[in-house]
Amino acid sequence: MHKSTAWPLAALYAALVVYASLFPFVEWRDQGIASWEFLLAPTPRYWTGFDVAVNVAGYVPLGGLVALGALRSGWRRSSVWWAPVGVMLLSLCMEGLQSYLPSRVPSREDFLLNAAGAWVGALAAFVLQKAGAIDRWNQLRSRWFVPHSRGGIVLLSTWPVGLLFPASVPLGLGQVVTRLEALLQSYVEDSSFEAWLPVRDTELLPLAPGTELLCVALGLLIPCLLGFCVVRPVWRRMVVVGVTTGSAILVSALSAALSWGPLHAWAWLDVPAQIGLFTGASLALLFVFASWRASAALALLSLGVYLSLLNQAPESPYFAQTLLLWEQGRFIRFNGLAQWVGWLWPYVASVYLLGQIGRRDAKN
């Protein structure tokens with residue numbers, strides 16, 4: 001029996017699927033339709049390749065992760081096939097709950113496509129396990145990463161997902177203050193608690209180019225330092241810097257292409273972003289010789305400065321327009337998968353780093 005990174009990844013992915021399926025979580029009401037009635041509805045007349053691909057592809061990772069976690073946890077192979085069944089039940093529950101959301105439309109075809117994706121993912125995990133690819137990955141992980149590194153690996157693997165959601169500043173994760181203020185305002189509006197809310201004396205001003213540069217640099221430096229906590233040899237840390245920098249550039253370009261079109265994939269890469277990326281990568285290479293505990297402390301310090309600066313930036317009109325495309329357009333299914341990772345990643349990373357620094361059994 002093995003402890004597998006697949007389980008926490010599967011739990012995180014399942015939570016994000018629930019969010020994406022039930023977004024925007026408003027105007028819940030009984031519409032006089034049984035929650036299972038969508039299973040008997042007529043076949044829709046119009047289909048799009050985008051809907052088919054999204055419904056299948058969205059559940060492939062979840063089916064694969066659950067099956068992989070079951071395999072690595074010592075389940076019998078005959079029992080592993082219950083993993084996609086569990087994922088299918090999750091999809092069935094999500095479609096049924098959508099019957100109570102006027103803004104969402106439950107669909108039998110969506111459920112069947114989700115189920116197909118779950119089975120494809122489970123089959124892929126089974127084939128990879130049988131072919132020995134999972135064992136080779138575990139051997140590679142044991143060589144590259146220190147023991148008890150599951151949390152760090154999960155954070156490093158989910159960081160690019162957060163970058164998919166459009167940000168007002170490149171690599172800007174964790175910008176939640178303005179949205180929390182708006183949410184709190186909506187809850188206490190016209191109540192006696194409204195007077196308790198702090199009121200800004202001045203409107204938030206756009207970040208100066210130098211401040212934006214610093215945010216980009218710290219946004220790249222932080223995951224590199226996090227990687228240094230679970231990777232020890234210097235040359236491997238250099239590889240971490242290269243992979244992290246490449247992922248930041250490519251995923252940010254993909255996010256811009258999805259939001260504004262392929263012709264604008266590099267619109268985000270202005271002069272402050274270019275200098276910030278260079279500065280962040282240079283600082284990361286400078287710290288490859290630091291101990292893991294020093295790396296964790298530097299990452300925590302960088303997170304504090306990064307979140308403080310980033311949450312002083314307002315949402316630009318172009319950024320707000322982009323959010324409408326993601327939250328109300330065809331990217332609504334990706335909204336929960338990327339948005340929550342982008343919001344919460346820095347704060348979860350802070351908790352993880354604090355836990356790592358407090359460990360007594362860790363060795364340099």
Side-chain angles (χ1 to χ4, degrees), residues 156 158-179 202-227 240-287 298-299 301-327 329 331 334-335 337-339 341-346 349:
L156 289 173
T158 53
W159 178 71
V161 178
L163 297 181
L164 277 174
F165 191 77
S168 58
V169 177
L171 311 190
L173 305 184
Q175 189 177 8
V176 298
V177 171
T178 54
R179 289 217 164 191
T202 58
E203 291 293 329
L204 292 174
L205 299 176
L207 295 181
T211 307
E212 181 181 343
L213 183 157
L214 180 58
C215 285
V216 174
L218 293 176
L220 179 60
L221 177 62
I222 289 165
C224 291
L225 292 173
L226 177 64
V240 169
V241 175
V243 171
T244 303
T245 304
S247 300
I249 295 173
L250 293 177
V251 176
S252 297
L254 175 60
S255 175
L258 290 173
S259 301
W260 304 316
L263 294 177
H264 303 281
W266 303 105
W268 63 277
L269 196 58
D270 53 10
V271 174
Q274 294 177 32
I275 300 177
L277 287 170
F278 177 79
T279 303
S282 300
L283 289 174
L285 290 173
L286 182 64
F287 292 132
L298 286 169
L301 177 62
S302 300
L303 276 166
V305 176
Y306 170 76
L307 291 172
S308 176
L309 293 175
L310 189 63
N311 280 288
Q312 296 179 32
E315 294 182 355
S316 68
Y318 299 104
F319 176 59
Q321 183 179 4
T322 304
L323 291 184
L324 289 177
L325 293 175
W326 280 73
E327 295 181 352
F331 296 120
F334 294 122
N335 180 72
L337 298 177
Q339 185 180 49
V341 175
W343 281 349
L344 298 180
W345 192 91

Are Leu214 and Leu207 packed together at the side-chain level, in the sense that at least one heavy-atom pair is separated by less than 4.5 angstrom? no
In terms of the angle between their ring planes, are Trp345 and Trp159 parallel, tilted or perpendicular, with boundaries placed at 30° and 60°? tilted
Out of Leu307, Leu221, Leu283, which residue meets the side-chain contact (heavy atoms from CB on, under 4.5 Å) rule with Ser302? Leu221
Do Val243 and Ser247 come within less than 4.5 Å of each other through their side chains, counting heavy atoms only? yes
State the CG-SG distance between Leu218 and Cys224, to the nearest 0.5 angstrom. 11.5 Å
Would you say the side chain of Cys215 lies within less than 4.5 Å of the side chain of Leu171, judging by non-hydrogen atoms? no
Can any side-chain N or O of Thr245 pair as donor or acceptor with the backbone N or O of Val241 at less than 3.5 Å? yes
Can you tell me how far apart CD1 (Ile222) and CG (Leu298) are? Round to the nearest 0.5 Å. 11.0 Å
Nearest-0.5 Å distance that lies between atom CG in Leu309 and atom OG1 in Thr211: 6.5 Å
Nearest heavy-atom neighbours spanning Val216 and Leu277: CG1-N, 3.7 Å
Taking every heavy atom of Pro223 against every heavy atom of Thr244, the minimum-distance pair comes out as CG-CG2, 3.9 Å
Is there side-chain contact between Asp270 and Glu212, with heavy atoms separated by less than 4.5 Å? yes
Over all atoms of both residues, closest heavy-atom pair of Ala256 and Trp268: CB-CD1, 3.9 Å
Are side-chain heavy atoms of Ile249 and Trp266 found at a separation under 4.5 Å? yes
For a 4.5 angstrom cut-off between non-hydrogen side-chain atoms, does Leu173 reach Phe165? no
Do Leu310 and Val169 touch side chain to side chain, with heavy atoms closer than 4.5 Å? yes
Is it true that, when you exclude Phe287 itself, more than 12 heavy atoms of the residues, nucleotides or ligands shown sit nearer than 6.0 Å to its CZ? yes
